[in-house]
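A short write-up of the structure that comes next.
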Amino acid sequence: MIEVLKGVRVIEQGTFITGPAAGMMLADLGADVVKVEQPETGDPFRAFRGGLYSPHFQTYNRNKRSITLNPKQPGDLALFDDLIRGADVYIQNFRPGAAERLGAGEARLREINPRLIYCAISGFGASGPAAGRPAYDTVAQAASGFLGLLINPGNPRVVGPAIADALTGYYAAYGILGALYERERTGVGRKVEVSMLEAMSHFNLDAFTHYFAEGEVMGPYSRPSVSQSYVVACGDGKWVALHMSSPEKFWQGLANAIGMPGLLADERYATREARIRNQESIMALLGERFKAHARDEWCRRLQAEDVPHAPMYDTSEALEDPQARHLQIAVKGRHPVLGEFTTVRSPVSFDGQRPLTVSAPPLLGEHNDVIRRELAARALSAN
């Protein structure tokens, strides 16, 4: 693993997803991320069937160290301050005002360490009429206009993973990296702020651009229609996804694969505009043809014709695909107590070297002693 952020110390006082996701992104690049948690309970995302190591927690907390501190106790607050004194970055995702009540507001921490990059993640921003409202993933998706692009009007229900939570953390890491780069030139730390509403609004940029430019309010089928994207059930009950936007040769390849080489002579399917108008007809046609063979056979035919496609895998299948195995996307690590575990590695390689090593998400307070020893040694060397 090439640790491009080796030597960068991050103090993360994050809970649930947004703050921990930001910390994980930096840890995956080699930063030393120290997760500060409450004694006994820790990050609430730890809780799972009476334990403190849930799959939710494991997802966003690898490659970190954990120390338990209660900043309301003077001794622990002093240790927290020592951590800040030697840190490059501090991350929190409290509601606005909570960090100040915990003694972790920007003004106080910057007095301790003027070079600190202070990252505050919120739901709706630090000020304004909605600043104090609670925000979770679905709330942010809805408020940004994104959720409406996912909901099937005929069967309205929330679908998919916690996109807003994770993306907000990733945007926070993006801002932190920019501030770190600037500090190399100026020596001055920055306050980095990102809210879930702002992050999801930016992620929803395509829909807003269509609205600003054309007055078009996109719906859940707007982009799939224009991009000519389809999912089709095969004869064995498995599914294939197709993305047929361009160039024209892909459509001829699909026509050949389904045994209808003259398909594009039909005026309903002859041009991109005609196919967009007749999307329902195309979906019915494909649905009928794909019943004839199992998914593997369709993938063989589509690949032979160079048609953009993929099996619509479930989680148990995706990383067993030969290409995923070649890229070594699934990697293993070992925890000294819990044993071997498997996770998905960082997607970023440097100089052709994939990041194949990973350390387990820490047990609560796992690194209390070693971090305290490090702080004590630094205090001695300063004297």
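Along the sequence shown, residues carry numbers from 1.
Judged purely by distance below 3.5 Å, without hydrogens or angles, the side chains of S229 and H243 pair a donor atom with an acceptor atom. For the residue pair S144 / N204, no side-chain donor-acceptor distance below 3.5 Å is found, with atom types taken as modelled. Between Y230 and Q279, the side chains place no donor N or O within less than 3.5 Å of an acceptor N or O (distance only, hydrogens not considered). Side-chain N/O atoms of S359 and N63 include a donor and acceptor closer than 3.5 Å.
Under the 4.5 Å side-chain criterion, counting only non-hydrogen atoms from C-beta, E111 is not in contact with L116. Between F94 and R101, the closest side-chain pair of non-hydrogen atoms is not below 4.5 Å. Using a 4.5 Å heavy-atom threshold, the side chains of M196 and N93 count as separate. Contact annotation: the side chain of L83 approaches that of I67 to within less than 4.5 Å [non-hydrogen atoms, C-beta and beyond]. No side-chain heavy atom of Y136 sits under 4.5 Å from any side-chain heavy atom of T138.
Aromatic ring centroids of F146 and F203 lie under 6.0 Å apart. Side-chain rings of F45 and F57 stay apart, their centers remaining 6.0 Å or farther from each other.
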Criterion side-chain contact (heavy atoms from CB on, under 4.5 Å) on T342 and L319, from CA distance to verdict
CA-CA 11 Å; T342 305; L319 300 187; over 6 Å; no

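In this structure, R301 satisfies the cation-pi test against W298, with its NZ or CZ atom closer than 6.0 Å to the six-membered ring centre and inside 45 degrees of the ring normal.
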